[in-house]
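So the structure is just underneath, and the comments pick up after that.
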Amino acid sequence: MRIFLMAAAVLIALSNAILYSLIGNNTFTNLFDFHLDPWSLSALYVLCAIFAGLLVAGGLIGFAEEVLEETFFARYGVMVLAICIGGAMLAILLTTVTYLFDDAAYVPRAISETIYTLVLVTIPGATLGAIEGVILAFPLAWLLGLFK
């Protein structure tokens, strides 16, 4: 069960990092203009995704292992919450890596701008994580029930 949780968390985070790499620099005028970032930046996104996925899976195993052995709806709720937290963490990590290593990105100059920007990306990251979690938690909770 632990390996499945780690693999699922890393795969979900990797798919989000690749999607971020494809549409990360888009605005509303070029919303569906998909292009990959340079390979070095994409590799950093992948490392962030692996780190966030393993951190969320480790926290899930450490804090909610007993809940994962209960009913389907208990597993479902924990999986939605974990994917939501993972989305918020991944949003912060990807934004930080973008600011540090992307020459085309606007970098905040003051501490207040940095805090504002990180809060601004955390809320959509958690929201998108919750939306993904509602959908992806069904098969994940079912599969976890099989691995009891």
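Each residue takes its place number in the sequence, starting with 1.
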Within the side chain of Y76, is there an N or O that forms a donor-acceptor pair under 3.5 Å with the backbone of V134?
-> yes

If the plane angle is over 60° it's perpendicular, under 30° parallel, otherwise tilted; pick one for F72 and F138.
-> parallel

Run through L120, T127, V121 and flag the one making a side chain to side chain contact (heavy atoms under 4.5 Å, CB included) with I123.
-> T127

Transitive ILVMFWY side-chain link M6 to V46, under 4.5 Å = yes

Looking only at heavy atoms, which two atoms of A9 and A57 are closest? And how far apart?
-> CB-CB, 4.0 Å

In this structure, CG of N16 is separated from OH of Y45 (nearest 0.5 Å) by 13.5 Å

4.5 Å side-chain heavy-atom contact, Y99 and T114 = no

Single-linkage hydrophobic cluster, 4.5 Å side-chain cutoff, L128 and L90 together = no

Considering all heavy atoms, the nearest A82-L60 contact | CB-CD1, 4.1 Å

Identify the heavy atoms of L94 and A17 that sit nearest to each other, and give their distance.
-> CD1-CA, 4.3 Å

Nearest 0.5 Å, what's the CZ-CG distance between F4 and L11?
-> 9.5 Å

For G125 and A91, the nearest pair of non-hydrogen atoms, with its separation, is CA-CB, 3.9 Å

Return the minimal non-hydrogen interatomic distance between V67 and R75, and the atom names on each side.
-> O-CG, 4.1 Å

Using links of under 4.5 Å between side-chain heavy atoms of ILVMFWY residues, direct or through other members, which residues join I85 in one cluster?
-> F51, L55, V56, L81, M89, L93

Any chain of hydrophobic side-chain contacts (each under 4.5 Å) joining F63 to V78?
-> no

Would you call L68 and L5 a side-chain contact if the rule is heavy atoms closer than 4.5 Å?
-> yes

Test D102 against every option in L44, V97, L41 by the side chain to side chain contact (heavy atoms under 4.5 Å, CB included) rule and name the one that passes.
-> L41

List the steps and the verdict of side-chain contact (heavy atoms from CB on, under 4.5 Å) for E113 and V107.
-> CA-CA 9 Å; E113 280 184 353; V107 179; over 6 Å; no

Between I12 and L140, does a side-chain contact (heavy atoms from CB on, under 4.5 Å) hold up when you go through it step by step?
-> CA-CA 11 Å; I12 291 169; L140 292 175; 3.8 Å; yes

Shortest non-hydrogen contact between A88 and T122, atoms and distance | CB-CG2, 3.9 Å

Under 4.5 Å between side-chain heavy atoms, chaining through other members, with only Ile, Leu, Val, Met, Phe, Trp and Tyr counted: pull out the rest of the cluster around I3, sorted by chain and number.
-> none

Does E65 have any salt bridge (charged side-chain N to carboxylate O under 4.0 Å, His left out) partners at least two apart in sequence or in another chain, and if so, which?
-> R2

Do other residues, nucleotides or ligands put more than 12 heavy atoms under 6.0 Å from F73 CZ?
-> no

What is the distance from atom CG of L14 to atom CG of L47, rounded to the nearest 0.5 Å?
-> 9.5 Å

Check the hydrophobic clustering (I, L, V, M, F, W, Y; side-chain heavy atoms under 4.5 Å; chains of links allowed) and say if I92 and L54 are grouped together.
-> no

Between L136 and I50, is there a shared hydrophobic cluster once you connect ILVMFWY residues whose side-chain heavy atoms come closer than 4.5 Å?
-> yes

